[in-house]
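Structure first, commentary second.
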Amino acid sequence: MKEQYKPQEIEKKWQKTWEEKNIYKTPDRSEKPKYYALSMFPYPSGRLHMGHVRNYTITDVIARFKKMSGFNVLHPMGWDSFGLPAENAAINSGRDPAEWTFSNIDYMRDQLKQLGLAYDWDREIASCKEDYYKWTQWLFLEFYKAGLAYKKESPVNWCEKCATVLANEQVIDGKCWRCDEEVTKKKLSQWFLKITDYAEELLRDLDKLKGWPDKVKLMQKNWIGKSHGAVLKFKVAEIQDMEISVFTTRPDTIFGVTFMAVSPEYPGIEKLITDENKEKVYEYIENAKKMSEIERTSTERPKTGVPLGTHIINPFNGEKYPVWTGDYVLTEYGTGAVMGVPAHDARDFAFAKKFEIPVIEVIRPEGQAEKPLEDAYVEQGIMVNSGEFNGLDNETGKQRITEWAEANNAGYSQVQYRLRDWLISRQRYWGAPIPMIYCDKCGIVPVPDEELPVVLPSDVDFNVQGKSPVLTSETFVDTVCPVCNTPAKRETDTMDTFICSSWYYLRFIDPKNDRKVFDSDLVNSWMNVDQYVGGIEHAILHLLYSRFFVKFLRDRGLLNFDEPFENLLTQGMVLKGGVKMSKSKGNTVDPDEIFENYGADTARLFILSDSPPERDFDWTDAGVEGCYKFLNRVWRLIYNCSGKISFNYAIPAVDSLSKENRDLLRTTHKTIKGIKEDISSEFQFNTAISKCREFVNAIYDYTNKKKDYTDDDKAVLSGAIFTLIRLLAPITPHLAEEVWSEFGGEFSIHEKPFPEFDENLAKAENVTIAIQVNGKLRDTIEMPLNAPKEDVESLALSREKVRGYIDGKQLAKVIVVPNRLVNVVVK
RNA sequence: GGGCGAGUGGCGAAAUGGUAGACGCGCUAGUCUUAGGAACUAGUAGGAAACCCCUGUGUGAGUUCGAAUCUCACCUCGCCCACCA
């Protein structure tokens, strides 16, 4: 064994050996129980950042730990490789998106290998390769066949900078999730997936996800946004047979309606406008169109609106009220119209105040006398001014009003979701082409399965403004209709890349299948993913879409389970100086530099050691340095022991050992126990690493005190050192493999079992018991483990320090907590 | 505006009803060394030091023999959603 720790040398060496001997290859089937550990696969943006390093290290340690614990571990890696940056590279530097992407993949794959990650590289997939996107397209056609993929013209989110439409989930605070450009609305005909068909199940099955953080489940719940209410129908006074329907969660406030508001884009709004109002209303509608989404949906902005001139009739009391249009009414939610109840809705109240619309109070807190409303009252109460419904509590009122509406053809009860269908068309080049054909005779025709994949053309011009580069291809667009064989046009839009990432974890199980999307039996035997690790930023997007895909594929008979991810760990961000690492802030740390200066093992150790995985992690140079020093300290410890330790010693019976040998043996077992608990319960790698450090300190103490070693000493020391090496193996795999082999350990340490502990040996011989008087610590005593209660109590009471506090006072009570403390209560 | 989470040394953090601050970073003193930003030893919550003692986990109350931990109110910060009727 060399005196110096040279990570750069040993890491290269073992990475090569692991690859040559293919030790991380996962058999499809095995006698061992399966364990599927998965990190969210990266977008190949160029090089790894520290967020990747953290994500993949966490999953790698879990995978290695499970493998050493006897599982057949699937731990794959691939590339979420369609997406806009590749296209921007083509526009900015003239590089071919495919070439740009694959060269990034090559570089990043190399970095992942340098980090010493235990992947089965035979299963590598890239979503931009034909053998993958062929099946993405096939899945799209499955949705189409099931009636869950449809094309519809509607106002959609448009990002001018990316020159494409976006899904609702990709609009963050009114801005594009990728480039921060303000999103505008555009009316376009686009492809949607009918995720709303699964809204109820996506909501209900959140309860099954016991291994998910509550935070993520709550975010999904809010996003799905289920609300119970009623649709109520109002006749238009001036127009025969015309009705306006509204959705409301407060049917109990129907008698408080004093106006009706429809959105400026409300279908049929023209009919509602009387001649004398035309000019003003159209001006208002035009202005609303021009406004950005941010402006439009700002809650700060005062309410605006104009009356249309027509009126609605309240079916409950026959009263007539004016119809307004106001841009605070959303076109896409409910029916695009709301009943205005100023007394019991904050927005309606603000609207009514501004335009001097009457306010009718219909819900009043129980027992309160009538008084003018300063603000909308939105709490529970008793119904007033509501005809035959007066005196009901408003919850009962909701039901009665709905029943009355149903009986009188004036409405019905309704469940409404906030979730919208998933817009998946993108007017971009670098994505999976939507496999559809437009024929003048036959209409929209799917590409037959046997003609997949629809391959992306390479003869395109990327420097076109405002349209998809695919349209510039001379070979792609023109085709023939598969049904009638006459000339037809291909769909030129590509799919949202979130489609590609909604099923990749299934393909890893059967990555090379060229006949099917995957073998269902094999996938059923491997799923679910036992541990999924990734960033919280996917709490809604990717995780919701993937759940939707699995439910759909189950209903198509391809899968036999309901949810893809059993346990989810959302790791925190990597910060430096308290802020997120980013190129614009100039506080990034390049993994390559860390590998070069300290080695991968130091990087791995550090990124796990300072914070629990789900919390943000602050990168410090001193912290890296400290971890590097620790590994040097471990190396030195083992080097200094090299003449004394060997695999050949057997540890003698505990009773025959000296005190310090018994202590070191107990520390060894206690450490194994603690680390196993830390890793297997909550992946508390930070505390697991602390325990390793304490263990190293304890072994140092032992060796510092010793000059001559008996066989007993050598046996116990060997046990401690070899345990330490195996405990470190998942975290610092190269160092562990190196020292393991130096002492003649059989290759590979990563195929050896994780250390086991003996429950009795993990217990301390003596415990320190705290003595409190009236809850305040006054003394401590050493006692053997499990000493009888009476002995502990009498010893505690006889202590001099304790006597000083209790003499002359009345002893009220003595509480003895075994092996922990004694609390003497005096008056 | 609504929802959720978190507040502990100079710093990252341990401890989820039982000795607060494990482990580490930093700092201080010492040893070794030509020297060291290396290594080792000792110390390190505050009350100047020491034994003792007192105080101390955002603030205030409460439950308990005992509270960082449980309950209530408030303050601050972070995240998510946000004109969703």
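Residue numbers begin at 1 in each chain, while the letters A, B, ... track the order of the sequences.
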Any side-chain N or O of [X] below 4.0 angstrom from OP1/OP2 of [N]?
X	N	result
A:Asn697	B:A22	no
A:Arg615	B:G7	no
A:Tyr805	B:C53	yes
A:Asn686	B:A14	yes

Any base atoms under 4.0 Å from [X], or only sugar-phosphate, or nothing? Heavy atoms, all strands.
X	value
A:Thr780	base
A:Arg418	base
A:Val817	base
A:Arg778	sugar-phosphate
A:Thr620	nothing
A:Leu821	base

Side chain of [X], heavy atoms from C-beta onward: which of [options] has the nearest atom to it?
X	options	answer
A:Leu777	B:C81, B:U19, B:A85	B:U19
A:Lys303	B:C83, B:G66, B:A85	B:C83
A:Arg633	B:G12, B:C40, B:A38	B:C40
A:Glu694	B:C83, B:A85, B:A22	B:A22
A:Lys776	B:G24, B:U55, B:G18	B:U55

ask   = Say you pick atom P in B:C83 and the same atom in B:C11; how far apart are they, in whole Å?
value = 39 Å
query = With distance as the sole criterion, do the side chain of A:Asn222 and the base of B:C81 form a donor-acceptor contact below 3.5 Å?
reply = no
query = Any donor-acceptor pair under 3.5 Å between the side chain of A:Lys691 and the base of B:C23?
reply = no
query = Between A:Tyr328 and A:Lys303, is there a cation-pi geometry (under 6.0 Å to ring centre, at most 45° from the normal)?
reply = yes
key: Cation over ring face, A:Lys809 and A:Tyr805, 6.0 Å, 45°   = no
message = Is it the case that the ring center of A:Trp422 lies less than 6.0 angstrom away from the ring center of A:Phe498?
response = no
message = With a 6.0 Å cut-off on the ring centroids, do A:Phe259 and A:Phe355 count as close?
response = no
